[in-house]
A.B. asks: 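Below: one structure in structure tokens.
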Amino acid sequence: MVDIRQLIMMLCVLLLLSGCMPNEFKFENHTEEDASKAEELLKKEKRVKGVAALFHEDHLLVGIRVKTFSRFNKRKIASEIEKKLKEEYPDLAVFVSADSKILNETNKLILKKDEKGLKKKIHHLISLAEEET
């Protein structure tokens with residue numbers, strides 16, 4: 001029979017392990033641009049634990065997930081990353097958001113692998129994010 005203390009310990013261990021989810025960095029490139037610079041920049045960023053970046057025609061859409069203790073500064077972090085990416089890709093319209101909705105929708109666009117209407121969807125996501133701020 002399992003003691004109540006053992007049960008509590010097992011639940012605590014499971015809770016800790018479930019909080020240690022792997023970092024997700026997804027990049028999709030439909031342009032002639034070199035996406036490796038963006039990958040390197042975003043993976044080196046210590047405050048970011050997840051990224052979905054989509055290069056399409058003249059746009060770079062990036063959704064980021066910040067680490068737990070950085071969440072109070074997520075807009076500042078997103079604007080700093082956006083500034084760095086604009087320096088790396090001056091020919092692209094760069095948009096970076098720390099909003100989880102943008103991250104999830106960008107992930108869906110990457111997984112869908114459908115280029116039809118992609119530009120319209122990107123513009124829609126950007127307009128949604130700008131409405132929230």
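For the numbers below, each heavy atom of this structure counts, side chains included, while hydrogens, waters and symmetry mates do not.
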A.B. asks: Between atom CD1 of Ile102 and atom CG of Leu109, what is the distance when rounded to the nearest 0.5 Å?
C.D. replies: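 Ile102 CD1 to Leu109 CG: 10.0 Å, rounded to 0.5 Å.
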
A.B. asks: I want to know whether Tyr89 and Phe55 have ring centres closer than 6.0 Å.
C.D. replies: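 Yes - the distance between ring centres of Tyr89 and Phe55 falls below the 6.0 Å cut-off.
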
A.B. asks: Is it true that atom NZ of Lys119 has more than 12 heavy atoms of other residues, nucleotides or ligands lying nearer than 6.0 Å?
C.D. replies: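 More than 12 within 6.0 Å, yes.
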
A.B. asks: Tell me whether Glu88 is salt-bridged to Lys84, with the criterion being a basic N under 4.0 Å from an acidic carboxylate O.
C.D. replies: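 Lys84 and Glu88: not salt-bridged.
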
A.B. asks: Using the side chain to side chain donor-acceptor pair (under 3.5 Å) criterion, which residues pair with Arg47? Sequence neighbours excluded.
C.D. replies: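 For Arg47 the side chain to side chain donor-acceptor pair (under 3.5 Å) partners, ignoring immediate neighbours, are Glu45, Glu80.
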
A.B. asks: Extract all donor-acceptor atom pairs below 3.5 Å that involve side chains of residues 35-44 and protein atoms in other chains or at least two apart in sequence.
C.D. replies:
unit_1, atom_1, unit_2, atom_2, d
Ser36, OG, Asp34, OD1, 2.8
Ser36, OG, Asp34, OD2, 2.9

A.B. asks: Among residues at least two apart in sequence or on other chains, which ones pass salt bridge (Lys or Arg N to Asp or Glu O under 4.0 Å) with Lys74?
C.D. replies: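 Applying salt bridge (Lys or Arg N to Asp or Glu O under 4.0 Å) to Lys74 gives none.
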
A.B. asks: Who are the side chain to side chain donor-acceptor pair (under 3.5 Å) partners of Lys86, not counting sequence neighbours?
C.D. replies: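 If we apply the side chain to side chain donor-acceptor pair (under 3.5 Å) test to Lys86, skipping adjacent residues, the hits are Glu82.
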
A.B. asks: Under the side chain to side chain donor-acceptor pair (under 3.5 Å) test, which residues partner His124, sequence neighbours left out?
C.D. replies: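 If we apply the side chain to side chain donor-acceptor pair (under 3.5 Å) test to His124, skipping adjacent residues, there are no hits.
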
A.B. asks: From the options Val48, Leu103, Asp99, select the one residue that forms a side-chain contact (heavy atoms from CB on, under 4.5 Å) with Arg65.
C.D. replies: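 So the option named by the test is Leu103.
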
A.B. asks: Just to verify, what does Lys76 make a side chain to side chain donor-acceptor pair (under 3.5 Å) with, not counting sequence neighbours?
C.D. replies: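 If we apply the side chain to side chain donor-acceptor pair (under 3.5 Å) test to Lys76, skipping adjacent residues, there are no hits.
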
A.B. asks: Nearest 0.5 Å, please: how far is CG in Leu61 from NZ in Lys121?
C.D. replies: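 It comes to 13.0 Å.
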
A.B. asks: Measuring from Thr31:OG1 to Asp58:CG, what's the distance to the nearest 0.5 Å?
C.D. replies: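 Between atom OG1 of Thr31 and atom CG of Asp58 there are 10.0 Å.
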
